[in-house]
Amino acid sequence: MLDARHRRRVRQALASLLSHHGPQGWWPVRTERARFETQTGERQTRGYHPGEFDFPRTREGRWEIVTGAVLTQNTAWSNVERALDALGAARVTAPEAMLALDPAGLGAIVRPAGYFNQKSRYLRAVAEWFMASDPALAAAPRSRATLEDVRPRLLAVRGVGPETADSVLLYAYSLPTFVIDAYTRRVLAAHGLADPTTPYEELRTACEAALDEPTAAERVRLWQESHAVIVEEAKAMRRETPAGTARRRR
DNA sequence: AGCCAGGCTACCG
DNA sequence: CGGTAGCATGGC
């Protein structure tokens, strides 16, 4: 997995996925994209911004990514959208607004995303982190040093594990870290590139080594797009072999 | 009718 | 360390 030949195969597989699926424009930031649409008159749904890498542009957008990253834990994105809609309808779109509610009240709003008792507690915990950390982080250099400073402290927040942390750092703050999730493991395994049980940190450093780029900005763009096309590919794989059909052949 | 979904915590040996 | 139960809704 870590030798030069495997790194090359990972890079080739990613290049193929990138050209096959095309620009993705992750992470979807619905509120900001809506504002952008009105300004330009473009019609683009669901907040994705393919080919543009300067999102999110606002505190509200960064917080929406944090919220979505927590809500999507082991949960279909369609259910997360329902919960985000409910938060918007209730005007609970800032960390301060979530902390102003009691946990049960917040849980009632995010109910469609499932695990709502846990997730309302997680959201309140990460709201505290966000209010304390976002001002400096938004202005910090998008460097490995910034990443290594903030990542352990984000991981210390209740409800934030490695995938949630890396999604926030990569997509809300454009920091150079690679997101490993169930999709990543499935796609790598399908290409015979990694054992899906490989520990998180090991997979992350391996993917980062395989998909290195000359500059920090290019690295972040590649890693943002890579995770997005891995998700597309994994969903395509699922459509071709739905659960229950001959996954286990012989 | 089940099985599954972009995890994480707590607890066990 | 590796393994597992519990958490919950909506789609197929």
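The sequence lines fix the lettering, A, B, ..., with proteins before strands; numbering per chain opens at 1. If you're wondering where the values come from, they're calculated on a predicted model, not measured in any experiment.
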>> In whole Å, I'd like the distance from the NZ atom of A:Lys119 to the P atom of B:dC8.
In response: 11 Å
> How many Å lie between OH on A:Tyr122 and P on C:dC7, as a whole number?
Replying inline: 12 Å
> Side-chain N or O of A:Arg82 less than 4.0 angstrom from OP1 or OP2 on B:dA5?
Replying inline: no
> When the P atoms of C:dG11 and B:dC8 are considered, how many whole Å apart are they?
Replying inline: 24 Å
> Contact class for A:Ala113 (heavy atom, under 4.0 Å): base, sugar-phosphate, or nothing?
Replying inline: nothing
>> Strictly below 4.0 Å: does A:Asn74 bring a side-chain N or O up to OP1 or OP2 of B:dG7?
In response: yes
> Which sits closer to the 5' end of DNA chain B, A:Ser167 or A:Arg158, going by the nucleotide each is nearest to?
Replying inline: A:Ser167
> Start at the 5' end of DNA chain B and walk down; is the nucleotide closest to A:Thr75 or to A:Gly159 reached first?
Replying inline: A:Thr75
> Quick one: which of A:Arg59, A:Arg91, A:Arg124 gives a salt bridge (charged side-chain N to carboxylate O under 4.0 Å, His left out) with A:Glu96?
Replying inline: A:Arg59
> Starting at CG of A:Asn79 and ending at P of B:dC4, how long is that distance when rounded to a whole Å?
Replying inline: 16 Å
> Whole-Å distance between C:dC12 P and A:Arg238 CZ?
Replying inline: 13 Å
>> Can you tell me how the ring of A:Tyr173 sits relative to the ring of A:Phe130, calling it parallel under 30°, perpendicular over 60° and tilted otherwise?
In response: tilted
> Could A:Arg151 and A:Glu201 be called an ion pair, given the rule that one side-chain N must be under 4.0 Å from one carboxylate O?
Replying inline: yes
> Do the charged groups of A:Glu128 and A:Arg158 touch, with an N to O distance under 4.0 Å?
Replying inline: no
> Which nucleotide in the set C:dC7, C:dT9, B:dT9 lies at the smallest distance from any side-chain heavy atom of A:Pro112?
Replying inline: C:dT9
>> Among C:dT9, B:dG7, C:dG11, which nucleotide has an atom closest to any side-chain atom of A:Ser78?
In response: C:dG11
>> Give me the distance, rounded to whole Å, that separates B:dG13 from C:dG6 when you measure between the P atoms they each carry.
In response: 15 Å
>> With a cut-off of less than 4.0 Å, is there a side-chain N or O of A:Asn117 near OP1 or OP2 of C:dA8?
In response: yes
> Which one, C:dG11, C:dA8, B:dG7, comes nearest to the side chain of A:Gln73?
Replying inline: B:dG7
>> Tell me the closest heavy-atom pair linking A:Ser226 and A:Leu211, and the distance in Å.
In response: OG-CD1, 4.1 Å
> Between B:dA5 atom C1' and A:Tyr115 atom OH, what is the distance in whole Å?
Replying inline: 8 Å
> In whole Å, what separates the P atom of B:dC4 from that of C:dT4?
Replying inline: 16 Å
> When you check the phosphate oxygens OP1 and OP2 of C:dC7, does a side-chain N or O of A:Arg111 lie under 4.0 Å from one of them?
Replying inline: no
> Quick one: is A:Arg121 getting a side-chain N or O under 4.0 Å of the C:dC7 phosphate, OP1 or OP2?
Replying inline: no
> In terms of side-chain heavy atoms, does A:Asn74 have a donor or acceptor partner in A:Tyr115 at a distance below 3.5 Å?
Replying inline: yes
> Atom CZ of A:Arg185 to atom P of B:dG7: distance rounded to whole Å?
Replying inline: 10 Å
> Going by atom types alone, do A:Arg204 and A:Thr177 pair a side-chain donor with an acceptor below 3.5 Å?
Replying inline: yes
> For A:Val160, which contact category applies under a 4.0 Å heavy-atom criterion: base, sugar-phosphate, or nothing?
Replying inline: sugar-phosphate
>> Defining pairs by Watson-Crick or G-U wobble geometry with both distances under 3.5 Å, how would you list the stems of DNA chain B with at least three pairs each?
In response: B:2-5 with C:9-12, B:7-12 with C:2-7
> Out of B:dC8, B:dT9, B:dA5, which has the shortest distance to the side chain of A:Arg186?
Replying inline: B:dA5
> With rounding to whole Å, what would you report as the distance between C:dA5 and B:dC3 at their P atoms?
Replying inline: 15 Å
> Within the side chain of A:Thr198, is there an N or O that forms a donor-acceptor pair under 3.5 Å with the backbone of A:Asp195?
Replying inline: yes
> Would you call the rings of A:Trp26 and A:Tyr171 parallel, tilted or perpendicular, where under 30° means parallel and over 60° means perpendicular?
Replying inline: tilted
> Can you tell me how far P of C:dC12 sits from NZ of A:Lys235, to the nearest Å?
Replying inline: 12 Å
> Hey, does A:Val110 reach any base, or is it just sugar-phosphate, or nothing, if we go heavy atoms under 4.0 Å?
Replying inline: nothing
> A:Leu84 has an atom CG; how far is it from atom P of C:dT9, in whole Å?
Replying inline: 17 Å
> If the C1' atom of C:dA8 is compared with that of B:dG2, how far apart are they to the nearest Å?
Replying inline: 15 Å
